[in-house]
2 protein chains.
Amino acid sequence: MPLPDVVVNRSSPVPLYFQVAEQLERAIFEGKLAPGDRIANEVALAGDLGLSRPTMRQAIQLLVDKGMLVRKRGVGTQVVHPPIKRTVELTSLYDDLKRGGRQAETQVLDQQLVEADEVAASRLKVAEGSSVWKLDRLRTVDGEPLALMRNFVPAAISDLSHVDFTTTGLYEHFRAGGIHLRVAHQTISARRAETAEARLLGGRKGDPVLTMERTSFDDSGRAVEYGTHLYRPDLYAYETTLVDR
Amino acid sequence: MPLPDVVVNRSSPVPLYFQVAEQLERAIFEGKLAPGDRIANEVALAGDLGLSRPTMRQAIQLLVDKGMLVRKRGVGTQVVHPPIKRTVELTSLYDDLKRGGRQAETQVLDQQLVEADEVAASRLKVAEGSSVWKLDRLRTVDGEPLALMRNFVPAAISDLSHVDFTTTGLYEHFRAGGIHLRVAHQTISARRAETAEARLLGGRKGDPVLTMERTSFDDSGRAVEYGTHLYRPDLYAYETTLVDR
DNA sequence: GTCAAGAGTTTGTTAGGACATATGGACGTT
DNA sequence: AACGTCCATATGTCCTAACAAACTCTTGAC
């Protein structure tokens, strides 16, 4: 019965369940816990670590939600995760790339205040014709065009007039302004690139592009951002982990 | 302070937290709780329903994880969800369409035992050359070709020899056989259709197609199914809700 | 030998209580 | 008028405790 060497620090401000989850996650990524391995039962684990069972359960639940562990009543908890990639989080492409250590660059094509059209207004739940920021960017990685991104942000949410988006990601700007993104709805599909799009993405008219439409909400439930993005499918794929509860 | 009329049935086998979550979810979908509304605090809600606070929290947490509610410490819990579509669950396309009340039909193009090639073997974590079922299907909706699906299932997991996939979905077959899918890894992108693919999907060579690669794991952590699917992007889009924890 | 009943194991659900911490507004000071 | 402090509020974390339900394995009957 593999029982990883986890230790908790009670004087740390980091929640106990989170400390445990982090260490278990690391153990799985490092291969100390291999897929198929069963971990000790909750009661024993809690006892060994000097924690209560609910706290131990909370730690395990976090990893279950990430798709790294599965529980079965009467049986135990087993490792599933094939150590490929971390769960998709609510971050922007910019953050993703930056963490991956790749040379991401952004070109701002357009950045101005416009009147919201019907689609943007309905997605952002603002009145048609109201003031929204329009932001067109081209993202390149290692010199290669990767994504063409168009975003709308209600003027009431944030002022983008003096923000330099060649060095700052949109989500990064929100975080700095105290706006905490919590939920996003996404729709992913594909279509042919139009002439202007293809030129910017370094391809030809009619090339297939991956399309993503996204609306993000903050911790007050306000719609904060609506975007339509185009990706070059030969350079980008969208990865997710689904977990059944 | 909107406080929905929720009632719990203690003699029901359905967990209390789930009963509460279901009714809150319905209230949101029916518009009784509008986006932006704040619900009563956990302690009051628990008291009114005769539940303990942990149970009430569990109910709310379920909806927070679904992206329908957001919590803010010191402030309260608010409704986010724009009542568009339910969360993406770990179901197959067949289930999705069936629930949508559309006329989904399946044509089995190929269904045989083959030796696992390198890719399938590595995804399914079986030895290269070992026995796997190969299943090629064409899904049509309302008479229109929608998806071309290729799936591999290890022979050790399930015997597909006598299964009629024109009437049974793959996931449905797993459930009937006592295999419970828990986690799936997906990669979504796009490319041009090849000649044979385009013909089956009712288009032309070079048409853009949405591609999805998926590996599913059951509640023992076993890889159960690996599939590569092609979708017609004019008829299908992949929708998700991301939630930041 | 086969199958069913029962015991043991492990997660699932629920309760009740306590203290911590972030938020926002009220109030008072500068 | 602007700023900072304090307090009420609501969620976040953690604990102890108990019983329920699902699964596995062993035991016993036929």
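Chain letters run A, B, ... following the sequence lines, proteins first and then strands; every chain starts at 1.
A salt bridge is absent between Arg123(A) and Glu118(A): the closest approach of a Lys/Arg side-chain nitrogen to an acidic carboxylate oxygen does not fall below 4.0 angstrom. Salt-bridge check for Lys72(B) with Asp219(A): passed, with a basic side-chain N closer than 4.0 Å to an acidic carboxylate O.
Of the residues near DNA chain C, Val75(B) and Arg57(A), the one whose nearest nucleotide (by heavy atom distance) lies more toward the 5' end is Arg57(A). Taking the nucleotide of DNA chain D with the nearest heavy atom to each of Gly74(B) and Gly74(A), the more 5' of the two is matched to Gly74(B). Toward the 5′ end of DNA chain D lies the nearest nucleotide of Lys72(B), the other residue of the pair His180(B) and Lys72(B) mapping further downstream.
At whole-Å resolution of the value, CZ in Arg73(B) and C1' in dA20(C) are 7 Å apart. Atoms CG (Asp219(A)) and C1' (dG24(C)) sit 14 Å apart, rounded to a whole Å. Rounded to an integer number of Å, the gap from CD1 of Ile60(B) to P of dA10(D) is 12 Å. For the pair Ile39(B) CD1 and dT9(D) P, the computed distance is 18 Å after rounding to whole Å. Atoms CE (Met56(A)) and P (dG12(C)) sit 13 Å apart, rounded to a whole Å.
Here Tyr17(A) does not reach the OP1 or OP2 of dC14(D): none of its side-chain N or O atoms lies under 4.0 Å away. For dT13(C), the OP1/OP2 oxygens have no side-chain nitrogen or oxygen of Thr55(B) closer than 4.0 Å. Between Thr77(A) and dT10(C) there is no side-chain polar atom (N or O) within less than 4.0 angstrom of OP1 or OP2. Taking 4.0 angstrom as the limit, Arg71(A) places none of its side-chain polar atoms (N or O) nearer than this to OP1 or OP2 of dC23(D).
Side-chain polar atoms of Arg139(A) and Thr106(A) form a donor-acceptor pair below 3.5 angstrom.
Looking at the side chain of Asn41(A), the nearest of the listed nucleotides dC14(D), dT11(C), dT13(C) is dT11(C). Proximity note for Pro15(B) (side chain, C-beta onward) versus dC14(D), dT14(C), dC15(D): the nearest is dT14(C).
Using a 30° and 60° split on the angle between ring planes, Phe217(A) and His185(A) fall in the perpendicular class, above 60°.
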Requested in this report: Under the side-chain contact (heavy atoms from CB on, under 4.5 Å) rule, what do Phe29(A) and Met68(A) come out as? Steps first, then yes or no, please.
Outcome: CA-CA 10 Å; Phe29(A) 271 109; Met68(A) 310 181 67; 3.6 Å; yes
Query raised in the report: After noting the C-alpha distance and the side-chain angles of Gln111(B) and Arg137(B), does the key distance pass the side-chain hydrogen bond (donor to acceptor under 3.5 Å, both in side chains) rule?
Result: CA-CA 9 Å; Gln111(B) 180 173 0; Arg137(B) 293 170 295 169; over 6 Å; no
Review item, nucleotides 16-18 of chain C N/O atoms under 3.5 Å of protein N/O:
residue : atom : partner  : partner atom : Å
dA18(C) : N6   : Arg53(B) : NH1          : 3.3

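Note: Phe174(A) and His180(A) fail the aromatic proximity criterion, with ring centroids not under 6.0 Å apart.
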